[in-house]
Asks: 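My structure is below; once you've seen it, I'll send some questions.
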There are 2 protein chains.
Amino acid sequence: MAASKTSESSSRVISTKPPIGCALLLMDLFRSYLHQQRLPVTHQREAIAMSLFESEQQLSVDDLAELLRRRGEHVGKATIYRTLSLLVEADLARELDFGEGFKRYEHQAGEARYDHLICTNCGRVERFTRPAVDDLQDEIAAELGFFVQSRRLEIYGLCGRCKAGEREIGEDVGVRPK
Amino acid sequence: MAASKTSESSSRVISTKPPIGCALLLMDLFRSYLHQQRLPVTHQREAIAMSLFESEQQLSVDDLAELLRRRGEHVGKATIYRTLSLLVEADLARELDFGEGFKRYEHQAGEARYDHLICTNCGRVERFTRPAVDDLQDEIAAELGFFVQSRRLEIYGLCGRCKAGEREIGEDVGVRPK
DNA sequence: ATCGCTGCAAACGGTTTGCAGGACA
DNA sequence: TGTCCTGCAAACCGTTTGCAGCGAT
């Protein structure tokens, strides 16, 4: 009935393709942040941050642990949680919750924020940015007297492939639509 | 640092003001659903559903337990969880997650869906509906090849009162902005 | 009478925390 | 050399589940 809380989200492909330059830039920002806070730049912190910065996916703590293990790094989950908190504080990462029973994280650079489309069948996540969303949000907030700090827009549905029936409908990936 | 997982969300005022007629209508729908599923209409189920239907707020399981206790009803939390699942299946309630560490629930009637503005200072929640949001969502989904099943739009910020400084900024209500 | 429900308490699972030993500056 | 970190395991806490007894149909 209820989608199983698959912390085995690792069944999803975890690739490490994207903009290496971007990752290095983010690493510098992270190191600067640590210096500024007078916190040590440890090997583990660098490894965790780099893994997140190199991925264009939304990673769970288990995903990160798996990714690091494959690189031959042994990092405790407690350290991963603690480092992710630092990255969020430094505004270099964002915490996401797609209702799977655990959190995911994605890197972010500066002012850029994304909204998400999540496939409830295969778990694919598509990020997008749309000025129109910001405008509409501001309009609504103004009308109801709110001062906006952040927002969260998630659209759940079937991605192109799943819509076309490339995968069996019902293949459970732990994503629970609202 | 991290907002404490205050399951003591009951510190928030829980009132029971709104449309009684609507609540009774929803009760009938719930009873119909149970009959249709050949499930017993028990006293506990009616009490839990009624409490949710009579409230215009987003209630946690603890809120509901508290509300029921005040009415002199002793209902186990397991039963509340189980009944809420039924209400969600029957499409008479919606599960919400504002990042507090626990779920909230609000009743819903038929096709009506709401988006939310959440005050990160006092916890106030304002529901709203905007056709423009649906339009924009459809446009984005179409462009990215998705078939929409549901969505979630939450705007976090300061409500009119908190913006005006009526409450001390920083008063922690357990709502964690993204 | 027969299911299915209910309450209790134990189990579960993601996240947090305490602590002894180790690493950065 | 002192401070902060790390890993482990235990604690935490919202939620789920197993089970014996009760209630709805």
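Letters A, B, ... are given to chains in the order of the sequence lines, protein chains preceding strands, and every chain is numbered from 1.
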Asks: Please report the distance, rounded to the nearest Å, between CD in B:Glu66 and C1' in D:dG14.
Replies: 18 Å
Asks: What is the separation between atom CD1 on A:Ile80 and atom P on D:dG7, rounded to the nearest whole Å?
Replies: 9 Å
Asks: Under a 4.0 Å threshold between the charged nitrogen and the carboxylate oxygen, would A:Arg152 count as salt-bridged to A:Glu154?
Replies: yes
Asks: Please report, rounded to the nearest Å, how far the C1' atom of D:dT15 is from the CG atom of B:Leu64.
Replies: 15 Å
Asks: Name the closest nucleotide to the A:Arg82 side chain, picking from C:dG18, D:dT17, D:dT25.
Replies: C:dG18
Asks: For DNA chain C, whose closest nucleotide is more 5', that of B:Leu39 or that of B:Ala78?
Replies: B:Leu39
Asks: Could you check A:Arg151 against A:Gln137 for side-chain hydrogen bond (donor to acceptor under 3.5 Å, both in side chains), going step by step and ending with a plain yes or no?
Replies: CA-CA 8 Å; A:Arg151 74 138 180 282; A:Gln137 157 203 290; 2.5 Å; yes
Asks: Base, sugar-phosphate, or nothing: which does A:His74 touch, judged by heavy atoms less than 4.0 Å apart?
Replies: sugar-phosphate
Asks: May I have the distance from B:Arg38 (atom CZ) to C:dC3 (atom C1'), rounded to whole angstrom?
Replies: 13 Å
Asks: Atom CD of A:Glu73 to atom C1' of D:dT6: distance rounded to whole Å?
Replies: 14 Å
Asks: Taking A:Arg113 first and then A:Asp134, would you say they form a salt bridge - that is, a charged N and a carboxylate O separated by under 4.0 Å?
Replies: no
Asks: Please determine if a side-chain N or O atom of A:Thr42 lies less than 4.0 Å away from the OP1 or OP2 oxygen of D:dT6.
Replies: yes
Asks: Let me know the distance between CG of B:Asp97 and P of C:dG14, rounded to the nearest Å.
Replies: 15 Å
Asks: Could you state the atom-to-atom distance from CG of B:Leu34 to P of C:dC3 in whole Å?
Replies: 19 Å
